[in-house]
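What follows is a short report on a single structure.
For this chain, numbers begin at 1 and follow the sequence in order. Given the structure is predicted, the values throughout are model-derived calculations rather than measurements.
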Amino acid sequence: MTKRQIARLAIVLFAMVPVSGAAQAAKDSIVLAMQLEPPNLDPTGGAAAAIDEVVYANVFEGLTRYGPDGSIRPALAQSWDISDDGLTYTFHLHSGVTFHDGSELDASDVKFSLDRARSEDSTNAQKALFAGISDVAVIDPLTVQITLANPNGTFVTNMAWGDAIILDPASADNAPHHPIGTGPFAFKEWIEGDRIELVRNDSYWGEPVALASATFKFISDPTAAFSAMMAGDIDAFPGFPSPETLTMFQGDPNFSVIVGSTEGETILSTNNKAEHLQDVRVRKAIAHAINREEIIDGAMFGFGTPIGTHFAPHNPDYLDLTEQSAHDPEMARQLLAEAGYADGLTLRLMLPPPSYARRGGEIVAAQLRQVGISTEISNLEWAQWLEQVFRGKDYDLTIVSHTEPNDIGIYARPDYYFQYDSAAFQALIAELAVTSDVEARTELLHAAQRMIADDYVNGYLFQLAKLGVANSKIVGLWANSPTQANDLTEVHWTE
């Protein structure tokens, strides 16, 4: 071999050696998996948690926002003032904020978004958040004044929900399939049935994010989720659907297992206006037929906290009422006999795709069978569940996690899908809305928890744990879920 050939070979071999240390570019893309595909991408026009899991704090922003610790932080509003009577909120917006299409955000966009959310024809799933607003006024381009009909101690928190994000009037109608927000990531592409892609918004008004792109992959099957994670096809699965395999990741230094809490009250939701379920004795029988620990062990492999009412155990105002509906099959049979169903009855159990629902549903059906209640199980896709159960109220029982924070107020809506209509409860929540004293609010929240437990509105199962698996070099993912989100604003790779 000549000297020239040797020199050429040395050059080739050197080129094949990867550059290390500071010269090697840090990884700046991420592939996250989700079990459910969102039905659309407009958080103001849909109830599915999967919508916010993609767009909250990433694509869309509101006046305020949730932090990873559950605190309420400024977002598009850099500050706000509250009048002495608690009726007027004046929000001061950041300057220099633009939407992804280049149009500037100003106070008129806030007015449009809030007026749209509270209008008579609003399709907002959390329309009650805006019901107390009597007027939204533009003071100047960076100042908006919101007047309430009555004081509301949770109003700033309400503005942090995904349902309260700010839209541009010019692009609002396209938000379901081409969302244009003000966030640090812009929508790139949605391949339905497969993935959604986001890219960094280099014109972002706030702190720049580390990631240049993010892909949300949809993997509904728990076995496929495990395989994809192990193969490295995905970098993280923040809501990992296969708890039985977590031990296999815990012993592997290539992965981080993240166990936290969520706002997800997992319930055996009950149609209170269905023929057999209008009788509180039947609902109470169902509650006493349920063995929560068996459901948690069988469906969640031990991950989950039993609940006896619709309230998160980590909330300071939580009241433990699990003993009120303790597992008591004999009492359940007695209650059914008193209600005229000594020979049993048959109910329809509609199950959405999440594994906690499908696995839990089979266990619940077996428990109900032991006290004389037969179930006809229907496994529904998410869009079917939203249409038939949530909107159509065509069901008897279903299992679902309500992941919205502090959402006991949904029981004050007679037209909500479980159709609980209690004037006493509605009055209690109305009083809570105008009460700011901390001790008085605690008393009212305790009373609210007792009331729905006494009425056995639903079967209360467990608080959903947040189970995540990620590449061990990824940092910044939320451990807990104070709201339904995969916030990527602080996510980055380590060397």
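Taking the charged nitrogens against the carboxylate oxygens, Asp317 and Arg441 have no contact shorter than 4.0 Å, which rules out a salt bridge. Using a 4.0 Å cut-off between a side-chain N of Lys or Arg and a carboxylate O of Asp or Glu, Asp109 and Lys111 do not qualify as a salt bridge. At a threshold of 4.0 Å, the pair Asp415-Lys127 does not count as salt-bridged, since none of the basic side-chain nitrogens sits closer than that to a carboxylate oxygen.
With ring centers used as reference points, Phe303 lies 6.0 Å or more from Phe301. Aromatic pair Phe185/Tyr204: centroids not less than 6.0 angstrom apart.
A donor atom on one side chain and an acceptor atom on the other are found under 3.5 Å apart for Ser103 and Asp168. Under the 3.5 Å distance criterion, with hydrogens and angles disregarded, a donor-acceptor pair is assigned to the side chains of Glu263 and His314. Thr182 and Trp205 share no donor-acceptor pair across their side chains, judged by distance under 3.5 Å alone. Looking at Asp81 and His92, their side chains do bring a donor and an acceptor atom within 3.5 Å of each other. Defined by atom type and a distance below 3.5 Å, a donor-acceptor pair is missing between the side-chain atoms of Glu197 and Thr215. A donor and an acceptor atom, one from each side chain of Ser122 and Ser119, are nowhere located under 3.5 Å apart. Between the side chains of Glu37 and Trp190, a donor-acceptor pair is found at a separation under 3.5 Å. Using a 3.5 Å distance cut-off with no hydrogens or angles, the side chains of Asn40 and Asp42 do not pair a donor with an acceptor. Using a 3.5 Å distance cut-off with no hydrogens or angles, the side chains of Ser269 and Tyr417 do pair a donor with an acceptor.
Using modelled atom types, no side-chain atom of Ser171 and backbone atom of Leu167 make a donor-acceptor pair closer than 3.5 Å. Without hydrogens or angle criteria, Tyr56 side chain to Tyr66 main chain gives a donor-acceptor distance under 3.5 Å. A distance-only check finds no donor-acceptor pair linking the side chain of Asn480 to the backbone of Gly260 [under 3.5 Å].
Rounded to the nearest 0.5 Å, atoms CD (Glu404) and CG (Asp52) are 8.5 Å apart. Atom CE of residue Met230 and atom CZ of residue Phe255 lie 5.5 Å apart, to the nearest 0.5 angstrom. Between the CE atom in Met300 and the OG1 atom in Thr266 there is a gap of 7.5 Å [rounded to 0.5 Å]. If you take CG on Asp140 and CD on Gln145, they are separated by 11.0 Å, rounding to the nearest 0.5 Å.
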Margin query: Between Leu105 and His94, does the side chain to side chain contact (heavy atoms under 4.5 Å, CB included) criterion hold? Intermediate values first, please.
Written below: CA-CA 9 Å; Leu105 174 133; His94 284 280; over 6 Å; no
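In Gln78, the CD atom is crowded: over 12 heavy atoms of neighbouring residues, nucleotides or ligands sit closer than 6.0 Å. For CG of Asp173, the number of neighbouring non-hydrogen atoms (other residues, nucleotides, ligands) closer than 6.0 Å is 12 at most. For CD of Gln384, the number of neighbouring non-hydrogen atoms (other residues, nucleotides, ligands) closer than 6.0 Å is greater than 12.
With sequence neighbours excluded, no residue forms a side chain to side chain donor-acceptor pair (under 3.5 Å) with Asp163. Residues satisfying the side chain to side chain donor-acceptor pair (under 3.5 Å) test with His310, not counting sequence neighbours, are Glu265, Asp407, Tyr411. Not counting sequence neighbours, the partners of Asn471 by the side chain to side chain contact (heavy atoms under 4.5 Å, CB included) test are Lys473, Ile474, Trp493.
Using bins of under 30°, 30° to 60° and over 60° for the plane-to-plane angle, the ring pair Phe187/His178 lands in the perpendicular bin. Note: Phe240 and Phe237 have perpendicular aromatic rings, judged against thresholds of 30 and 60 degrees for the angle between ring planes.
For the side-chain contact (heavy atoms from CB on, under 4.5 Å) criterion with Phe418, the lone passing option out of Thr270, Leu397, Val389, Val457 is Val457.
Met451 approaches Ser422 most closely through the heavy-atom pair SD-OG, 4.2 Å.
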